[in-house]
There are 2 protein chains.
Amino acid sequence: MSANSRFAVSVHILAYLAYEHARAVPSAEIASSVDTNPVVIRRLLSALVKNQLVEAYKGAAGGFRLARPANAISLLDIYRAVEPAPSHGMNRFTPNHRCPVGAKIEEVLLGVFSKAQAGMEAELLRVRLSDVERQLHAVCPGRRT
Amino acid sequence: MSANSRFAVSVHILAYLAYEHARAVPSAEIASSVDTNPVVIRRLLSALVKNQLVEAYKGAAGGFRLARPANAISLLDIYRAVEPAPSHGMNRFTPNHRCPVGAKIEEVLLGVFSKAQAGMEAELLRVRLSDVERQLHAVCPGRRT
DNA sequence: GACATATGTAACCATCGATGTTACTATCCG
DNA sequence: CGGATAGTAACATCGATGGTTACATATGTC
C-alpha cells in the first residue's frame with residue numbers, strides 16, 4: 001500500500017461518522033478521536049466529499065455526515081478517494097535505456113504492479129464500512145455470543 | 001505497496017543477473033544498467049544474498065550470480081527479501097483510546113491490511129523471475145510471432 | 001607477495017513527502 | 001450581529017530514501 005496514514009485515518013473518520021450517524025459531526029470532534037489536528041481531518045474529508053462519500057455542512061451546527069448508508073461504502077471506495085495513484089517507486093526509477101534489460105524492465109514492472117495492485121484492491125472491495133462498524137461494536141473477549 | 005523503489009530496483013537487478021547468467025557480474029555494471037550508485041546496488045544485493053537468492057563473490061573477477069534457476073525465484077521472494085514489513089501508515093496512527101471508535105479501530109484496520117497485503121502477495125507469488133526474463137526477450141511490436 | 005579489483009558497510013548529506021500548525025476567508029444558524 | 005464551522009493556503013518539522021564518500025576486507029593474477 002503506501003507509507004502514509006491517509007487511508008487508515010480516513011477509515012477511522014468514516015467509522016466515526018457511521019457510529020454517530022444521527023447528527024452532523026464537526027471536524028474538531030473527529031480530530032479528538034483520531035488525536036490529530038482538525039485541519040488534517042478536514043483535508044481528508046475534502047477528498048471524501050469530492051468523491052461523494054460524505055456530505056459537508058458549513059456554519060454553526062455544521063459538520064459532516066455519511067452521504068450513503070454504511071453498507072453502500074466499500075473500503076476500496078475510501079482507498080481510491082484519499083490515496084494518490086500508487087507509484088510503486090517507479091517515479092525514482094529511471095533505468096539506462098541503452099541496456100537491453102533497462103530498456104524494457106519498466107514496461108514489465110508496470111504489468112506486475114498492476115496485477116499486484118488489483119489483487120489488493122479486490123480484497124478492499126470485499127470489506128464494507130458496515131463490516132468495520134460491526135467489528136467496532138463486537139465484544140472483545142471470547143466468541144460465543 | 002511502498003513508496004520506495006527497492007522492489008523495482010531489485011527485480012531489475014535479478015533480471016540482469018538472469019540475463020547474464022553465465023558469469024559473475026560486478027555491482028558497478030548493474031549500477032550502470034539501473035543508472036544509480038554501485039553502493040545502492042550492493043545494499044540491495046546484501047539483502048538478496050542474506051535471503052539466498054543471490055551468491056556473492058569477493059575479490060578480483062568477483063561479482064554476483066543467481067543462487068537458483070530463474071524459474072525457482074518468485075517476485076514474492078524478492079519482495080520479502082528487500083521490503084521492510086509494511087506499516088500501512090499504522091506507525092503514525094495513534095488514535096484516542098478513550099473514544100469507543102479510537103479504542104478498537106486499530107485492531108480492525110490490522111485485519112483489513114492483513115487481507116489486502118495477502119491479496120497483493122498472492123499475485124506476486126504467481127510471477128517468477130523466468131517470466132520477467134521471457135518478457136524482456138520478447139519482441140515489442142505486434143503479438144503474432 | 002604486490003597489486004588491481006571487488007564486496008561489505010558505516011557515515012554523512014540532500015531531497016522529498018507527509019504531517020502538524022497557524023491564519024485567514026466564506027458560510028450558516030440562531 | 002455574533003459565534004461556530006468548513007475550506008484552504010502557507011509554512012514548519014520530521015523521517016525515510018537515495019546518493020556519495022571512505023575505508024576495511026577478500027581474492028585472483030602476475
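Letters go in sequence order (proteins before strands), and every chain restarts at 1.
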Any B:Thr36 side-chain nitrogen or oxygen under 4.0 Å from OP1 or OP2 of D:dG19: yes

Separation of A:Ile30 atom CD1 from D:dT5 atom P, in whole Å? 12 Å

Just the rounded figure in Å: distance from P of D:dG18 to CG of A:Asn91. 10 Å

Using a heavy-atom cut-off of 4.0 Å across all strands, would you classify B:Gly63 as base, sugar-phosphate, or nothing? sugar-phosphate

Taking atom P of C:dG17 as reference, at what distance in whole Å does atom CZ of A:Arg6 sit? 12 Å

Any side-chain N or O of B:Asn37 under 4.0 Å from OP1/OP2 of D:dG19? no

Expected output: side-chain A:Asn96 to main-chain B:Ser32 donor-acceptor under 3.5 Å: yes

Let me know, please, whether B:Ala61 or A:Asp35 comes out on the 5' side of the other along DNA chain C by nearest nucleotide. B:Ala61

In whole Å, I'd like the distance from the CD1 atom of B:Ile41 to the C1' atom of D:dT20. 14 Å

Among the nucleotides D:dA6, C:dT21, C:dT9, whichever has the atom closest to the side chain of A:Arg42 is D:dA6

Once hydrogens and angles are ignored, does a donor-acceptor distance under 3.5 Å link the base of D:dG18 to the side chain of A:Arg92? no

Take atom NZ of B:Lys58 and atom P of C:dG8, then tell me their distance rounded to the nearest Å. 6 Å

For atom CZ of B:Arg23, decide whether the heavy atoms of other residues, nucleotides or ligands shown that lie under 6.0 angstrom number more than 12. yes

All heavy atoms of A:Glu55 vs all of A:Ala67, minimum pair found to be CG-CB, 3.9 Å

In whole Å, I'd like the distance from the CZ atom of B:Phe7 to the P atom of D:dT17. 16 Å

Using only modelled atom types and a 3.5 angstrom limit, is any donor from either the side chain of B:Arg43 or the base of D:dG19 paired with an acceptor on the other? yes

How many angstroms lie between CZ in A:Arg134 and CG in A:Leu129, if you round to the nearest 0.5 Å? 11.0 Å

To the nearest Å, how far apart are A:Leu44 CG and C:dA18 C1'? 11 Å

For residues B:Arg42 and B:Ser27, is any side-chain donor paired with an opposing acceptor at under 3.5 Å? yes

With a cut-off of less than 4.0 Å, is there a side-chain N or O of A:Ser27 near OP1 or OP2 of D:dA6? yes

In whole angstroms, the gap separating C1' of D:dA4 from CD of A:Glu29 amounts to 14 Å

Among C:dT22, C:dT19, C:dG8, find the nucleotide with the atom closest to the side chain of A:Ser5. C:dT19

Heavy-atom nearest nucleotide on DNA chain D for B:Pro84 versus B:Ala60: which residue maps closer to 5'? B:Pro84

Consider the side chain of B:Asn4, meaning its heavy atoms from C-beta on, and name the nucleotide among D:dG7, D:dA9, D:dG18 that approaches it most closely. D:dG18

A:Ser46 vs D:dT8: side-chain N/O to OP1/OP2 distance below 4.0 Å: yes

